[in-house]
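Just so it is clear, the model here is predicted, and its values are computed rather than measured. Within every chain, numbering begins at 1; the chains are lettered A, B, ... in the order of the sequence lines, protein sequences first and strands thereafter.
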Amino acid sequence: MAKILAIKFFEEPTLKVAKSLLGKTLARKSGGKLIRGIITETEAYVGPSDKASHASRGITPRTKIMFGDCGMIYVYLIYGMYYCLNIVTGKRGYPAAVLIRGVLSDGLNLNGPGKITRHFNINKNLNSKKLCKNSCLWIENSAEIDPKEIKSAPRIGVNYAGIWAKKAWRFYLKQKAAI
DNA sequence: AGATTGATCCAT
DNA sequence: TGGATCAATCTG
């Protein structure tokens, strides 16, 4: 029986959470169906001065969720077309989140945030909800990942962020992620 | 390589 | 109130 990750899991430092999430099972109940997938790629957005993070501009109606409690779901629309799924990490008042960027589900390699949210039926209704069964979106513990399987790379699409663009805060599984 | 799309933020 | 910006994806 798979075990649901405790909220405590997301209290850890964001970079650690981003790595730990690899190999875990993302579960979604939607329309009476249960969808599951293995997380293969994540990105970390850490702290108030991370220029690549929405939170670098301070608290706004959109970003305040990142300043809130860990284990919250942060969903936002990007380029007017695609939703991105993030999990808030760290302590209340410290803006940080992990972007879920790659998932293996139903034999599909969902290598992009927009593909994941489409396949999992994730939309803004889930924004600011807690990661748990009640919200119909949660993460289960599954096989431990050998740290040697984890690769890191610069984050995607943040060239504008200066020195922050160079941080290797994207993590993915060597075998499974095929980008 | 280009088009698409709309919420959000900041400067007026 | 308006314009610039954006953590993406698809098509050809």
Spacing of [X] atom [atom1] relative to [N] atom [atom2], expressed in whole Å:
X: A:Tyr83; N: C:dA7; atom1: OH; atom2: P; result: 18 Å
X: A:Leu110; N: C:dT9; atom1: CG; atom2: P; result: 10 Å
X: A:Lys51; N: C:dT5; atom1: NZ; atom2: C1'; result: 16 Å
X: A:Lys115; N: C:dA8; atom1: NZ; atom2: C1'; result: 10 Å
X: A:Ile116; N: C:dT9; atom1: CD1; atom2: C1'; result: 13 Å
X: A:Ile100; N: C:dA8; atom1: CD1; atom2: C1'; result: 17 Å
X: A:Asn109; N: C:dT9; atom1: CG; atom2: P; result: 12 Å
X: A:Tyr82; N: C:dC6; atom1: OH; atom2: P; result: 18 Å

Exercise for the section: Please state whether the phosphate of C:dA8, meaning OP1 or OP2, lies under 4.0 angstrom from any side-chain nitrogen or oxygen of A:Arg118. Expected result: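 For A:Arg118, the contact criterion (side-chain N or O under 4.0 Å from OP1 or OP2 of C:dA8) is not met.
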Problem - Residue whose nearest DNA chain B nucleotide is more 5′ - A:Lys124 or A:Met81 - result: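 So the residue in question is A:Met81.
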Looking at [Y], is its backbone amide N or carbonyl O close enough to the side chain of [X] to form a donor-acceptor pair, meaning the two atoms are under 3.5 Å apart?
X: A:Arg28; Y: A:Asn121; value: yes
X: A:Ser135; Y: A:Lys130; value: yes
X: A:Thr40; Y: A:Gly102; value: yes

Practice task
Check whether the side chains of A:Asn123 and A:Asn125 place a donor and an acceptor atom closer than 3.5 Å, and report yes or no.
Solution key: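 Yes - a donor-acceptor pair under 3.5 Å links their side chains.
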Exercise for the section: State whether a side-chain donor-acceptor pair under 3.5 Å links A:His54 with A:Tyr45. Expected result: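 Absent: no donor and acceptor within the cut-off.
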Problem - A:Glu43 and its salt bridge (charged side-chain N to carboxylate O under 4.0 Å, His left out) partner, picked from A:Arg155, A:Lys19, A:Lys167, A:Arg101 - result: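 Output: one option passes, namely A:Arg101.
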Handout entry: Interface limits on DNA chain B, where chain A has a heavy atom under 4.0 Å of a nucleotide atom
Key =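 First-to-last contact on DNA chain B, by the 4.0 Å heavy-atom rule, is B:dT4 to B:dC10.
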Problem - Single-linkage hydrophobic cluster A:Val98~A:Leu110, side-chain heavy atoms < 4.5 angstrom - result: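 Yes, A:Val98 and A:Leu110 fall within the same hydrophobic cluster.
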Handout entry: Stems where DNA chain B pairs, listed by first number, each of three or more Watson-Crick or G-U pairs under 3.5 Å
Key =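 So the stems come out as B:1-4 with C:8-11, B:6-11 with C:1-6.
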Exercise for the section: Can you sort out the partners of A:Asn127 under side chain to side chain donor-acceptor pair (under 3.5 Å), two or more places apart, ordered by chain and number? Expected result: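 In terms of side chain to side chain donor-acceptor pair (under 3.5 Å), with neighbours along the sequence ignored, A:Asn127 is linked to no residue.
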Problem - Sugar-phosphate, base or nothing in reach of A:Arg155, heavy atoms under 4.0 Å - result: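 Nothing, no heavy atom under 4.0 Å.
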Handout entry: Cationic N near anionic O, under 4.0 Å, A:Arg170 to A:Glu41
Key =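 A salt bridge links A:Arg170 with A:Glu41.
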